Amino acid sequence: MWKIGNVEIENRVVLAPMAGICNSAFRKIVKQMGCGLIYAEMVSDKALFYQNKKTQDMLYMEEMERPIVQQIFGSDEESFVVAAKYIEETMHPDIIDINMGCPVPKVAVKAQAGASLLKHPEKVEKIVRAVVRAVSVPVTVKIRSGWDEKSINAVEIAQVCEKAGASAICIHGRTRSQGYSGKVNYDIIRAVKNAVAVPVIGNGDIVDMESLQKMLDTGVDAVMIGRGVLGNPWLIRDAVFYLDNIPLPPAPTPCEKIDMALLHLHNLQELKSEHLAVLEIRSHIAWYLKGLKNGKEIKEKIFRVSSTHDIIKILKEYKEFLKGEDKNE
């Protein structure tokens with residue numbers, strides 16, 4: 001058990017706020033795997049400021065997902081405050097997070113949001129202070145090590161955020177210019193942990209227990225797992241077991257992976273239109289099928305159909321095929 005502000009969190013495993021991934025359908029699966037704290041995908045402060053319906057719909061959550069963090073990205077103090085207040089009043093998340101780490105050009109360059117804020121410590125302080133004053137829930141900030149190799153300033157930014165009232169810092173150990181390439185810099189994560197008194201969450205490259213341990217070795221209070229869970233939500237379960245010193249359960253069987261894809265589709269059907277559910281599950285199915293026998297052919301089959309009924313049929317037939325393969329071995 002650990003805390004962010006007054007929010008008690010059962011374990012030290014945290015889901016990263018992946019854009020286009022972390023909606024309620026996916027988050028419920030991750031919660032069932034035992035995840036201690038869930039970050040919802042980021043929403044635009046400007047979109048909420050102008051009452052964009054699609055963005056407002058992204059705030060949907062269910063009680064079983066708590067404790068949950070809603071992340072906002074933006075570039076100016078006024079719309080951050082309006083968005084944070086709206087989120088608190090309508091969604092009632094446990095925590096609000098300010099994104100200062102997104103490396104995507106549309107966000108970081110065009111909108112001057114996300115990681116571009118790292119270049120302006122004074123602006124960071126004003127935004128964090130204003131949001132902290134505007135809401136009653138704890139406010140956290142997600143940052144990167146810096147804009148590029150020549151401007152690694154995560155320690156300074158973390159201290160600025162803490163001074164402005166942030167209740168925790170999440171640090172992804174890459175620069176903005178690295179994007180998701182290259183390697184995570186564990187030294188900068190360790191330096192941030194040593195520089196502030198608030199909890200620090202370490203993020204980047206956690207795909208198995210070895211990489212999880214590397215992150216723990218920096219001294220962070222919790223670990224945030226992102227892309228490693230795509231097609232493999234069992235990574236969350238394994239991380240929880242590992243942190244509790246419980247022997248890891250067996251890896252999921254091919255049939256269990258298909259069952260998970262079907263559950264994921266079921267969750268999406270409850271959340272989205274038929275068309276959107278089909279579009280979204282395709283990506284996830286590609287991840288669930290990775291490395292499975294005849295997985296490529298099944299993926300191609302699924303990409304050719306346009307109804308959830310057809311996808312379910314293909315997956316169920318494939319599961320029967322996999323069962324037959326098991327018997328033959």
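Computed from a predicted model, the values in this text were never measured in an experiment.
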Flag yes if M64 and V14 sit in one hydrophobic cluster, no otherwise; membership is Ile, Leu, Val, Met, Phe, Trp, Tyr, and two members link when side-chain heavy atoms are under 4.5 Å apart.
no
Sequence neighbours excluded - side chain to side chain donor-acceptor pair (under 3.5 Å) pairs with any residue from residues 77-94
D45-S79, K46-S79, Q56-Y86, R66-D94, D76-S79, E88-S136
Would you check if the side chain of E274 reaches a backbone N or O of T308 as a donor-acceptor pair within less than 3.5 Å?
yes
Side chains of P233 and I236 in contact at under 4.5 Å (non-hydrogen atoms):
no
Nearest 0.5 angstrom please: L265 CG to I281 CD1, how far?
5.0 Å
Can you check whether L118's main-chain N or O pairs, donor with acceptor, with N153's side chain at less than 3.5 Å?
yes
I want to check something: taking the side chain as every heavy atom from C-beta on, are V184 and K214 in contact at a cut-off of under 4.5 Å?
no
Can you find a pair of side-chain heavy atoms, one from T218 and one from V200, that are under 4.5 Å apart?
no
After noting the C-alpha distance and the side-chain angles of H264 and I29, does the key distance pass the side-chain contact (heavy atoms from CB on, under 4.5 Å) rule?
CA-CA 7 Å; H264 199 146; I29 286 171; 3.7 Å; yes
K28 and salt bridge (charged side-chain N to carboxylate O under 4.0 Å, His left out): which partner among E62, E65, E63?
E62
Taking the side chain from Q213 and the backbone from E210, do they hold a donor-acceptor pair closer than 3.5 Å?
no
Got more than 12 heavy atoms from elsewhere within 6.0 Å of NZ, K272?
yes
Over 12 non-hydrogen atoms of neighbours within 6.0 angstrom of NZ in K301
no
Taking the side chain as every heavy atom from C-beta outward, state whether I258 and L289 have any pair of such atoms under 4.5 Å apart.
yes
Could you tell me if the side chain of I157 sits less than 4.5 Å from the side chain of E125, heavy atoms only?
no
Distance check, rounded to the nearest 0.5 Å: S283 atom OG versus I21 atom CD1?
6.5 Å
If Ile, Leu, Val, Met, Phe, Trp and Tyr residues are connected whenever their side-chain heavy atoms lie under 4.5 Å apart, and connections chain through other members, are M224 and L216 in the same group?
no
same_hphob_cluster(V124, F80) at 4.5 Å side-chain heavy-atom cutoff:
yes
Does any non-hydrogen side-chain atom of I95 lie less than 4.5 Å from one of P67?
no
Is there a donor-acceptor contact under 3.5 Å from the side chain of R144 to the main chain of H172?
no
Between atom CG of N194 and atom CD1 of I189, what is the distance when rounded to the nearest 0.5 Å?
12.0 Å
Tell me whether I127 is reachable from I96 by hopping between hydrophobic residues (I, L, V, M, F, W, Y) whose side-chain heavy atoms are closer than 4.5 Å.
yes
Criterion salt bridge (Lys or Arg N to Asp or Glu O under 4.0 Å) on D205 and R174, from CA distance to verdict
CA-CA 10 Å; D205 287 357; R174 283 186 175 87; 2.7 Å; yes
Salt bridge or not for R190 and D187, using N-O below 4.0 Å?
yes
Are the side chain of Q269 and the backbone N or O of A277 linked by a donor-acceptor pair below 3.5 Å?
no
Assess whether side-chain contact (heavy atoms from CB on, under 4.5 Å) is satisfied between L212 and M209, documenting all intermediate values.
CA-CA 5 Å; L212 176 72; M209 296 313 101; 3.7 Å; yes
Nearest heavy-atom contact between P93 and V137 is O-CG1, 3.6 Å
I'd like to know if the side chain of N99 reaches the main chain of Q71, judged simply by a donor and an acceptor atom lying under 3.5 Å from each other, with no hydrogens or angles considered.
no
Using a 6.0 Å cut-off, check whether atom NZ of K193 has over 12 heavy atoms from anything other than its own residue.
yes
Taking only residues at least two apart or on different chains, which pairs with a member in residues 7-23 satisfy side chain to side chain donor-acceptor pair (under 3.5 Å)?
N23-E280
Which distance, rounded to the nearest 0.5 Å, do you find between the CD of E300 and the CD1 of I302?
11.0 Å
So, for V278 and S306, which heavy atoms are closest and what is the spacing to 0.1 Å?
CG2-O, 3.7 Å
Beyond-backbone contact of N203 with K142, side-chain heavy atoms, under 4.5 angstrom:
yes
When you look at Q178 and E149, which way does the side-chain contact (heavy atoms from CB on, under 4.5 Å) test go after all the steps?
CA-CA 9 Å; Q178 276 181 287; E149 289 303 317; 3.9 Å; yes
Does the salt bridge (Lys or Arg N to Asp or Glu O under 4.0 Å) test come out yes or no for K316 and E320, once each step is laid out?
CA-CA 6 Å; K316 284 186 171 173; E320 288 308 310; over 6 Å; no
side-chain contact (heavy atoms from CB on, under 4.5 Å) evaluation trace for M61 with I38
CA-CA 11 Å; M61 58 146 308; I38 285 174; over 6 Å; no
Minimum heavy-atom separation for P199 to D221, with atom names?
CA-OD2, 3.3 Å
Nearest heavy atoms of S211 and Y186, plus distance in Å:
O-OH, 4.4 Å
In terms of heavy-atom contacts, does OH of Y50 have more than 12 from other residues, nucleotides or ligands at under 6.0 Å?
no
If you define the side chain from C-beta out and look only at heavy atoms, does anything of M18 sit under 4.5 Å from V229?
yes
Might you point out which heavy atoms bring L271 and A25 nearest each other, and give the distance in Å?
CD2-N, 3.8 Å
Interatomic distance, I201 atom CD1 to I225 atom CD1 [nearest 0.5 angstrom]:
12.0 Å
Decide whether W2 and V69 are clustered together by the hydrophobic rule: side chain heavy atoms of Ile, Leu, Val, Met, Phe, Trp, Tyr closer than 4.5 Å, transitively.
yes
Are any side-chain N or O atoms of S145 and backbone N or O atoms of T175, one a donor and one an acceptor, separated by less than 3.5 Å?
yes
Just by distance, do the side chain of Q70 and the backbone of E41 share a donor-acceptor pair under 3.5 Å?
yes
Could you report the tightest heavy-atom contact between V128 and C161, atom names first, then the distance?
CG1-O, 3.9 Å
Please enumerate all residues that pass ring-ring contact (aromatic ring centres under 6.0 Å, His included) together with W287, with sequence neighbours excluded.
H284
Rounded at 0.5 Å granularity, tell me how far CG in N232 sits from CE in M33.
8.5 Å
